[in-house]
4 protein chains.
Amino acid sequence: MAGRQRGVDKRRAILDAAAPIFGTQGYERASVDAIATAAGVSKPTIYSYFGGKENLFRESVADSAVEQNGDALRVLQTLDVSPERWQASLFEVGVKLVECQRSSCSMFLYRTIAAESARDPEIYRTVREKAGDPILDALTGRLAMLGNAGLLQVADPALAARQFFALINAQIPELTENGTRPAADDVVRRAVQAGVRTFLLAHGVPDPQPPASTSVSQAAHPLAS
Amino acid sequence: MAGRQRGVDKRRAILDAAAPIFGTQGYERASVDAIATAAGVSKPTIYSYFGGKENLFRESVADSAVEQNGDALRVLQTLDVSPERWQASLFEVGVKLVECQRSSCSMFLYRTIAAESARDPEIYRTVREKAGDPILDALTGRLAMLGNAGLLQVADPALAARQFFALINAQIPELTENGTRPAADDVVRRAVQAGVRTFLLAHGVPDPQPPASTSVSQAAHPLAS
Amino acid sequence: MAGRQRGVDKRRAILDAAAPIFGTQGYERASVDAIATAAGVSKPTIYSYFGGKENLFRESVADSAVEQNGDALRVLQTLDVSPERWQASLFEVGVKLVECQRSSCSMFLYRTIAAESARDPEIYRTVREKAGDPILDALTGRLAMLGNAGLLQVADPALAARQFFALINAQIPELTENGTRPAADDVVRRAVQAGVRTFLLAHGVPDPQPPASTSVSQAAHPLAS
Amino acid sequence: MAGRQRGVDKRRAILDAAAPIFGTQGYERASVDAIATAAGVSKPTIYSYFGGKENLFRESVADSAVEQNGDALRVLQTLDVSPERWQASLFEVGVKLVECQRSSCSMFLYRTIAAESARDPEIYRTVREKAGDPILDALTGRLAMLGNAGLLQVADPALAARQFFALINAQIPELTENGTRPAADDVVRRAVQAGVRTFLLAHGVPDPQPPASTSVSQAAHPLAS
DNA sequence: TATGAATGAGTATTCATTCAT
DNA sequence: CATGAATGAATACTCATTCAT
């Protein structure tokens, strides 16, 4: 009991230590030594749990993906599809999705996929399977409901889901300098709302307005400042 | 003179050799030895021209960025803003932009920025300055012209330009498994056209149609196959 | 009792597992883990029985030595010193001694002594004490009997015993490529008989002949083929 | 010129440092670091010259073999086959051959072959080709000359050569405790002479006597002391 | 200027050994 | 007594970088 408990704890400690190190330094630069130290275990323990650096990396990616998946799914469950609140809720969900994508765990995933999928294409598939597809599927379902309710003109909900993500993220990289610089929350919020607004315009909503009182048009172009 | 000429040649040879190696292997995995061999020079020559690996990397990124910039600008110059052809031309420009983003040189940039900008944020700024901003500015100008001509409802051309790029790329990563797998040209074409169509819908065009006879709606969802 | 019985069993299982692993892989390359797995016990059990790798090794060597000793002594006991049969018997004993030296257990000893005696000279002494000297003494006694019976001119039986072993092994390493390649039994047999024949010639037997009908002179030089 | 010269020097320095370390510690225990330090070069230099530990080992073995070969051939060239001196010369050559086999370089080879040929059978073949066979061939030729001159009854000179080596070495391992202990020169000398004497007795020489005045029979059994 | 040769620093990995259970 | 879990120490190997030529 205790033995197994301890084992589980160490496994978690290693994964928790590995994710930010891999995320900030990349696969090559990240050293097993550094991960072991950060996790408070010795190097051979890592090897006994994960077999090697490559496998530790894959399991770390998969672990981050499921965590990211859970966060995003929880956000999507808050989407209110009632005729009165669905627009305001969609704005809020967009903002929250981007927020949870900007979490360190998620930035780790984003960078990692881009950087290492050339070396190991399996990684992209893993992440899509564990995090990408479930989230897209969930959003696809919600958009289909809105379409069926006649609130949204959505011929292809799966395509719409992908475009929704593309639009809410359209300005994020330049606002955060690709995740290397923190950005003010309200700046990000307005950038996301601009994306949601365009999404709604493209799907038959005449003049969508974000719920809060701040004007979208003023903040839509934050690079100008 | 001959000396300078030869020097220029070597510099170019090194940059030409470095880009694909950095692009496919990443900064850490790429060895200066391999680049020197591929360029047909010796290692100290690289050091005398570029000072070190880090700087060679930066100059390689900047070099790729200007090349990428030139390609995209040439594409944008083909955009026909005449009332009769602007829609079809926008569809074509979208397809061509994605094509030139999928070139190996550009994939190199994309991966590199994602992978290494945490380590060296300067890289992101360099690429945006040399490639990102000029392209966005050029597209912004064209969209403003279409707006002024009353063809497109575009309140914020700079925002519209960013959203245009986001939409035409919305499905590309999953179609190409993040650039690791070749995708059929017509599949990519339809995915891009779906993005352009949404862009036009959001900006006041009632029922935009891609120029070729292939139906967008059928192919808008290529993952289903 | 049961406890002690089980303990003895485990001790034997460990020794039986250790000998071939040490013999084929050498002291350094052999891992305690591999021996524990092969013996069906856990690593700490090995430490509790033998204290450490070095001591396990010594005990394994000593164990193999006594086994080897028993085999060789049994062979020597079959030496017939009767005036009618002693020659044929000596040929047969030579062949059997080489056969039992070529057993895997013995090859292990041979390699081990050569390889590790520089690191731990105690090993050579152990093996000589447990296996070498008893065998030489036994052969010395037999040769002395033959000398006393006037069948063999042997001024120094102890020296003769050593030379007997040297001669029957003279060609074995090259025939078996130092034990790494199996050699046909009859080829080995003729090589050994050539050694016995020279031994007999040196000790006053005019024209010794091996018992079987195969001609020694034809096969004395197997490398020529 | 100088560069190459230096290169040759370093190669030799590495080989000279490697042989005793491999010889005393064995392949596994010998560390590349130790060899580099002993040779006065850095580790990467060893890798650039030899590619890796395994290849350094093979080249070290081959190098020792050719050195050993040269020494032994020089000794064999001193063998006087004249009717007056051939017996005394054969005694002397036997002693000198054992002496050069007891050199550190040769002990290295002997241990190495025994220890590592199971892991890499190529090693045995290399040594036999570079050192064993040439020496045996040279001795075979000399013995054939003695046979043709009617001085020695040698039906099979190649076999005789192998038996000559076996007999002169018959007592050496126990005298030197397998090379781990120095032995007095005159003790070794008498042991070798005992082997030569037996060889001569077996090949038709009635009562061979070693050249020096020391009695062989007294010293033939040094283990008794 | 261009280079072959050399190196110091750093990494993944393995293994004998020891506790806590 | 037997063991799963953990570790400190050690090793082969690589690479960016720099001289001497």
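Just so it is clear, the model here is predicted, and its values are computed rather than measured.
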One pair to check against side-chain hydrogen bond (donor to acceptor under 3.5 Å, both in side chains): D:Thr45 and D:Ser42. What are the steps and the verdict? CA-CA 5 Å; D:Thr45 301; D:Ser42 75; 3.3 Å; yes

Test A:Phe50 against A:Leu15 for side-chain contact (heavy atoms from CB on, under 4.5 Å), laying out the working first. CA-CA 10 Å; A:Phe50 294 94; A:Leu15 286 175; 3.9 Å; yes

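Under 4.0 angstrom from either OP1 or OP2 of E:dT7 there lies at least one side-chain N or O belonging to D:Thr45.
Residue C:Asn55 contributes atom CG, which lies 15 Å from atom P of E:dA16 at whole-angstrom precision. Rounded to an integer number of Å, the gap from CG of B:Leu56 to C1' of F:dC15 is 15 Å. Between the P atom of F:dC15 and the CD1 atom of B:Ile46 lies a distance of 14 Å, rounded to the nearest Å. Summarising the geometry, the separation between CZ on B:Phe50 and C1' on E:dA2 is reported as 15 Å, rounded to the nearest angstrom. Atom OH in C:Tyr49 sits roughly 20 Å away from atom C1' in E:dA16 (whole-Å rounding). Whole-Å rounding puts the C:Phe22 CZ to E:dC15 P distance at 13 Å. Between the CZ atom of C:Phe57 and the C1' atom of E:dC15 there is a distance of 17 Å, given to the nearest Å.
Closest approach of B:Ile14 to B:Ile35, counting heavy atoms only: O-CG2, 4.2 Å. The two atoms that bring A:Ala131 and A:Ala65 nearest to each other are CB-O, 3.3 Å, heavy atoms only. Heavy atoms only, all atoms of each residue included: A:Gln25 and A:Ala30 are closest at CB-N, 4.1 Å. Residues D:Ile21 and D:Ala38 share a closest heavy-atom pair of CD1-CB, 3.9 Å.
D:Ser64 contributes atom OG, which lies 12.0 Å from atom NZ of D:Lys130 (distance to the nearest 0.5 angstrom).
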Dot-bracket for DNA chain F, 5' to 3', counting Watson-Crick or G-U wobble pairs under 3.5 Å, with [ ] for crossing pairs and | for inter-strand pairs? .||||||||||||||||||||

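Annotation: side-chain contact (heavy atoms from CB on, under 4.5 Å) contacts of D:Tyr27 (sequence neighbours excluded): C:Arg29, D:Phe22, D:Lys53, D:Glu54, D:Phe57, D:Glu116, D:Arg119.
Here the options are C:Asn55, C:Asp63, C:Leu56, the test is side chain to side chain contact (heavy atoms under 4.5 Å, CB included), and the partner is C:Glu59; only C:Asn55 passes.
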Treating primed atoms plus P, OP1 and OP2 as sugar-phosphate and everything else as base, which nucleotides of nucleotides 8-14 of chain F get B, S or - for protein heavy atoms under 4.0 Å? B---BBB

